[in-house]
Amino acid sequence: MEPAGGGGFPAEPPGAFVLSNLAEVVERVLSFLPARALLRVAGVSRLWRESVRRVLRAQRGVAWISAGPADAGPPQEHCLVRAAAAELQNVHILPQTVLYMADSDTFISLEECRGHKRARKRATTETAMALEKLFPRQCQILGVVAPGIVVTPMGPGSSRPQEIEIGESGFALLFPQVEGIKIQPFRFVKNPKNLSLERRRFTEAGLLDNPELRAVLVFGYNCCKVGASSYLQRVVRTFSDTNVVVAGGQVDNLVSLTSDTCPLDVDGTGVVGLSVSGQRVQSATVLLSEDVGDEKAVEAAVQRLKAAGIPERDTVGFMFTCVGRGAQFYRAQGNVEADAFRKAFPGVPLFGFFGNGEIGCDRVVTGSFVLRRCGEVRDEDLFHSYTTVLALVHLGASR
């Protein structure tokens with residue numbers, strides 16, 4: 001009896017035929033693979049290569065890697081570095097832009113290097129490089145450190161976000177390349193010899209003359225130095241009167257900005273951030289003032305953010321709060337603000353920091369690019385202390 005394939009050779013298994021010829025089936029199978037595995041199998045055939053491209057292009061969701069005090073290990077390696085090394089291989093997106101934040105005490109080895117500026121610079125650079133070499137080379141990476149971190153543990157978006165005021169912690173937000181959306185890092189360095197702000201640089205950063213600009217995350221670093229706060233305010237006011245949502249605060253240090261050509265000086269002063277542009281981007285912020293001091297007041301403030309009507313899918317939450325708030329502010333009750341956010345937005349991950357000053361107000365930018373405010377807020381009231389700024393950034397539903 002002759003074999004089914006004829007000519008004395010066994011027939012090709014039906015599964016092999018399907019995976020070699022039917023693009024729909026191939027894409028469905030490949031969609032279950034993480035991004036690194038997809039890149040490896042893209043060389044199997046032209047069909048698989050094109051299928052991999054389509055699968056990666058369809059990934060709109062933001063991924064993240066997080067670490068907290070429970071993940072702390074040897075002092076020579078930060079917990080976020082270990083978490084990234086272990087988890088990046090499981091991520092289903094190919095990151096185009098990375099925003100990471102970590103606690104300043106352990107990330108830059110302040111205790112070991114206090115009073116030794118060169119040693120501190122070296123420790124900061126080594127930790128940042130160890131983390132950044134784990135990401136794809138084409139990534140634009142922005143990294144800052146702050147006194148405390150707000151982070152959602154890895155897993156489903158409904159995981160309870162944590163306010164980590166003390167202890168080794170950090171996160172890395174991984175933004176994929178999404179058609180019609182541009183996420184662009186920027187940096188302005190305070191130069192005592194030249195304090196002018198060139199409009200050209202703001203335009204290049206997507207902050208001016210950009211009709212699709214929707215949201216700006218902005219961070220001042222080393223703001224304890226003379227003139228640093230006034231420089232931060234000058235930079236922010238240059239673009240804050242446009243129809244955009246502005247949210248952020250003051251961090252301890254800048255530790256990385258790969259897209260910048262200026263040499264990184266951890267002891268310098270400046271302003272960094274991300275501009276988010278795209279017609280389908282929606283964003284909103286609310287300000288929790290000093291008077292918001294109990295659980296009910298926090299939940300009422302978060303409801304203002306809920307009223308903005310921002311879709312939860314493909315949305316990231318941000319929380320920038322003062323080091324003077326937290327558990328001590330709420331009479332030894334921890335996680336009050338993060339829990340209120342989760343109650344209102346159970347499917348939205350929350351990230352941010354405890355810093356030394358907050359930037360933001362009640363402001364909503366809808367999908368039709370109409371600026372609305374929940375209250376009358378002047379631009380000079382964007383800068384606060386003992387407050388919390390909560391923000392939503394929605395990257396737009398797939399068409």
Side-chain angles (χ1 to χ4, degrees), residues 63-89 91 95 97-151 153-154 162 164-175 185 187 189 219-224 249-270 272-274 323 351-356:
W64 69 91
I65 294 168
S66 57
D71 305 305
Q76 66 271 20
E77 187 176 47
H78 194 273
C79 63
L80 182 57
V81 178
R82 289 193 302 278
E87 298 296 334
L88 267 174
Q89 60 185 340
V91 172
T97 306
V98 175
L99 170 64
Y100 73 83
M101 300 183 183
D103 71 293
S104 50
D105 278 349
T106 60
F107 195 90
I108 61 177
S109 304
L110 281 178
E111 294 303 321
E112 296 179 12
C113 303
R114 196 175 301 279
H116 302 281
K117 189 176 293 186
R118 290 185 179 178
R120 177 167 168 253
K121 286 184 179 180
R122 184 174 61 252
T124 302
T125 302
E126 289 176 355
T127 308
M129 288 181 62
L131 177 60
E132 290 161 26
K133 72 179 184 180
L134 300 172
F135 297 111
R137 289 185 179 181
Q138 73 272 17
C139 276
Q140 300 183 102
I141 303 174
L142 170 60
V144 297
V145 293
I149 297 297
V150 179
V151 59
M154 287 177 287
Q162 303 291 315
I164 305 175
E165 299 181 60
I166 300 175
E168 191 173 341
S169 57
F171 66 84
L173 269 177
L174 315 177
F175 296 93
R187 178 188 181 198
V189 181
F219 317 115
Y221 61 93
N222 283 335
C223 287
C224 60
Q250 298 183 17
V251 298
D252 282 345
N253 289 98
L254 167 69
V255 293
S256 174
L257 185 56
T258 58
S259 63
D260 194 58
T261 56
C262 299
L264 183 63
D265 180 6
V266 297
D267 294 308
T269 296
V272 294
L274 297 177
V323 290
F351 304 93
F353 57 73
F354 286 85
N356 305 302

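The first residue in the sequence is number 1, and the count goes up from there.
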*Asks:* Are the side chains of L254 and R187 in contact, using a 4.5 Å heavy-atom criterion?
*Replies:* yes

*Asks:* Evaluate the ring planes of F171 and F351, with Trp represented by its six-membered ring, and classify them as parallel (under 30°), tilted (30 to 60°) or perpendicular (over 60°).
*Replies:* tilted

*Asks:* Do T127 and L80 come close enough that some side-chain heavy atom pair is under 4.5 Å?
*Replies:* no

*Asks:* Let me confirm one number: the CG-CH2 distance from L174 to W64, rounded to the nearest 0.5 Å.
*Replies:* 10.0 Å

*Asks:* Among all residues two or more places apart in sequence or in another chain, which pass the ring pair (Phe, Tyr, Trp, His ring centres under 6.0 Å) test with F175?
*Replies:* none

*Asks:* Could you give the side-chain donor-acceptor pairs of residues 129-148 under 3.5 Å, partners two or more places apart or in another chain?
*Replies:*
from : atom 1 : to   : atom 2 : distance (Å)
E132 : OE1    : S256 : OG     : 3.3
E132 : OE2    : Y100 : OH     : 3.0
E132 : OE2    : S256 : OG     : 2.4

*Asks:* Closest approach of C79 and G68, non-hydrogen atoms and distance?
*Replies:* SG-O, 4.0 Å

*Asks:* So which heavy atom on V98 is nearest to which on A172, and how close?
*Replies:* CG1-CB, 4.3 Å

*Asks:* Can you see which heavy atom on P185 is nearest to which on L274, and at what distance?
*Replies:* CA-CD2, 3.7 Å

*Asks:* Can you tell me how far apart CD1 (I149) and CD1 (I166) are? Round to the nearest 0.5 Å.
*Replies:* 13.0 Å

*Asks:* Distance check, rounded to the nearest 0.5 Å: Q250 atom CD versus N222 atom CG?
*Replies:* 10.5 Å

*Asks:* For residues E77 and R82, report the shortest heavy-atom separation together with the two atoms involved.
*Replies:* O-NH1, 2.5 Å

*Asks:* Quick one: closest heavy-atom pair of V255 and F107, and the distance?
*Replies:* CG2-CE2, 3.9 Å

*Asks:* How about H78 and D103: do any of their side-chain heavy atoms sit closer than 4.5 Å?
*Replies:* yes

